[in-house]
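Below you'll find the structure, written out as structure tokens, and then a few comments.
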Amino acid sequence: MLAEWDDRALARTVTPVANRSDAARTVLSNVAGLGPLQQYLDDPEVEGIWINRPSQVFIAKGGVSELAPTILTDGQVRDLVEHVLKISGRRLDLSSPTREARRLPC
């Protein structure tokens, strides 16, 4: 896909990609991972991730929680919840609106 994008950029129909490795990592995270949260899943120091609201994503490192710089949209939160529940084999409905997902084996 990046090669195709580069071809289109040469034809000046799209803006060139500034950093190919960052672009590839972002695409892979969005397609095969958990998008904006994937960076925390890939960090071996992160012990937990939770979302209080789209503008409040927290991570835990070394037993200490901190507000992450990630800000999500309502749609991203819904998509992330659905994706995590799907891969964990769990479901969510209004009678049980809170779920905890454990890190899944790779």
Using every non-hydrogen atom in the two residues, find where Pro16 and Ala9 come nearest and quote the distance to one decimal. CA-CB, 3.8 Å

Hey, any chance Trp50 and Ile71 share a hydrophobic cluster, counting ILVMFWY side chains that come within less than 4.5 Å of each other, even indirectly? no

Just so I know, are the side chains of Gln76 and Pro36 near enough to count as touching, which here means a heavy-atom distance under 4.5 Å? yes

I'd like to check the side chain to side chain donor-acceptor pair (under 3.5 Å) partners of Arg8; sequence neighbours left out, ordered by chain and number. none

Any chance you could measure Ile51, atom CD1, to Leu72, atom CG, to the nearest 0.5 Å? 5.5 Å

Assess the residue pair Leu37 and Val84 against the criterion (side chain to side chain contact (heavy atoms under 4.5 Å, CB included)); give the C-alpha distance rounded to whole Å, side-chain angles, the decisive distance to 0.1 Å, and a yes or no. CA-CA 11 Å; Leu37 300 183; Val84 168; over 6 Å; no

Taking Trp5 for its side chain and Val14 for its backbone only, find out whether a donor-acceptor pair lies under 3.5 Å. no

Please enumerate all residues that pass side chain to side chain donor-acceptor pair (under 3.5 Å) together with Asn19, with sequence neighbours excluded. Ser21, Asp22

Using the rule given for side chain to side chain contact (heavy atoms under 4.5 Å, CB included), can you reason through Asp79 versus His83, listing the C-alpha separation, both sets of side-chain angles and the distance that settles it, and then say yes or no? CA-CA 6 Å; Asp79 292 346; His83 185 70; over 6 Å; no

Compare all side-chain heavy atoms of Val46 with those of Gln39 and state whether any distance is below 4.5 angstrom. no

Cluster overlap Leu67 with Tyr40, hydrophobic side-chain contacts below 4.5 Å: no

I want to check something: taking the side chain as every heavy atom from C-beta on, are Pro54 and Thr73 in contact at a cut-off of under 4.5 Å? no

Identify every side-chain donor-acceptor pair in residues 55-63 under 3.5 Å, counting partners at least two apart or on other chains, and give the distances.
from, atom 1, to, atom 2, distance (Å)
Gln56, OE1, Arg53, NH1, 3.1
Lys61, NZ, Asp43, OD2, 3.2

